[in-house]
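Heavy atoms only: backbone and side chains are in, while hydrogens, waters and symmetry mates are out. This is a predicted model, so every value here is computed, not measured.
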Amino acid sequence: MGKSKGLKDKLYGAAVLKMSFRLRGDEESPAFRFVYPGVLRDLEVDDAEVEKYIEEHRDDVERAARGSTPPQGPR
């Protein structure tokens, strides 16, 4: 059985997904509206938590969403 992810890891993953759509201007796309709610449900986090994480870690999240992983990983 796999090791469960911590809250910060879950938020980081959801934030990178959301930011990748945001940077392309695709947050209103059918793909985002289909995938993102399922990710939130599966990770057991909500959008407000993800937005707060983005605000607090914007540089790392944007870097990862653009395809470059942050040097220190999720915080």
Side-chain angles (χ1 to χ4, degrees):
M1 190 166 182
K3 181 180 171 186
S4 69
K5 290 183 178 183
L7 179 60
K8 288 183 181 182
D9 290 336
K10 292 177 182 182
L11 290 172
Y12 177 78
V16 170
L17 172 68
K18 186 171 190 174
M19 185 59 71
S20 69
F21 278 89
R22 182 173 288 169
L23 290 171
R24 292 190 312 257
D26 283 343
E27 281 185 270
E28 297 301 319
S29 72
F32 178 77
R33 290 186 297 164
F34 178 77
V35 171
Y36 185 66
V39 168
L40 294 178
R41 182 192 62 240
D42 292 349
L43 295 178
E44 299 176 331
V45 297
D46 64 43
D47 187 57
E49 291 175 301
V50 174
E51 282 297 328
K52 183 177 182 207
Y53 188 90
I54 289 171
E55 287 177 29
E56 294 172 353
H57 305 281
R58 182 168 300 277
D59 291 342
D60 288 343
V61 171
E62 281 190 19
R63 193 175 304 115
R66 293 179 192 280
S68 303
T69 55
Q72 298 173 356
R75 293 182 202 165

For Asp47 and Tyr36, does a side-chain donor sit closer than 3.5 Å to a side-chain acceptor? yes
Can you see which heavy atom on Ala14 is nearest to which on Leu40, and at what distance? CB-CD2, 4.4 Å
So does Arg22 pair up with Glu51, basic N to acidic O under 4.0 Å? yes
Value for NE2 (His57) from NZ (Lys52), rounded to nearest 0.5 Å, stands at 9.0 Å
When rounded to the nearest 0.5 angstrom, what is the spacing between NZ in Lys18 and CD in Glu27? 5.5 Å
Could you tell me whether the side chain of Arg33 and the main chain of Glu28 form a donor-acceptor pair under 3.5 Å? yes
Counting only N and O atoms by type, is there a donor-acceptor contact under 3.5 Å from the side chain of Glu49 to the main-chain atoms of Asp46? yes
Evaluation steps, side chain to side chain contact (heavy atoms under 4.5 Å, CB included), between Arg24 and Phe21: CA-CA 5 Å; Arg24 292 190 312 257; Phe21 278 89; 3.5 Å; yes
Going from OH on Tyr12 to CG on Leu43, what distance comes out if it is rounded to the nearest 0.5 angstrom? 14.0 Å
Could you tell me the separation between the CD atom of Glu56 and the CG atom of Leu11, rounded to the nearest 0.5 Å? 9.5 Å
Take Phe32 and Asp26 through the side chain to side chain contact (heavy atoms under 4.5 Å, CB included) test and state the conclusion after the steps. CA-CA 7 Å; Phe32 178 77; Asp26 283 343; 5.6 Å; no
Determine the minimum heavy-atom distance between Leu17 and Ser20, stating which atoms define it. O-OG, 2.6 Å
From CA spacing to verdict: side chain to side chain contact (heavy atoms under 4.5 Å, CB included), Arg58, Met19: CA-CA 9 Å; Arg58 182 168 300 277; Met19 185 59 71; 3.6 Å; yes
Taking every heavy atom of Glu62 against every heavy atom of Leu23, the minimum-distance pair comes out as O-CD1, 4.3 Å
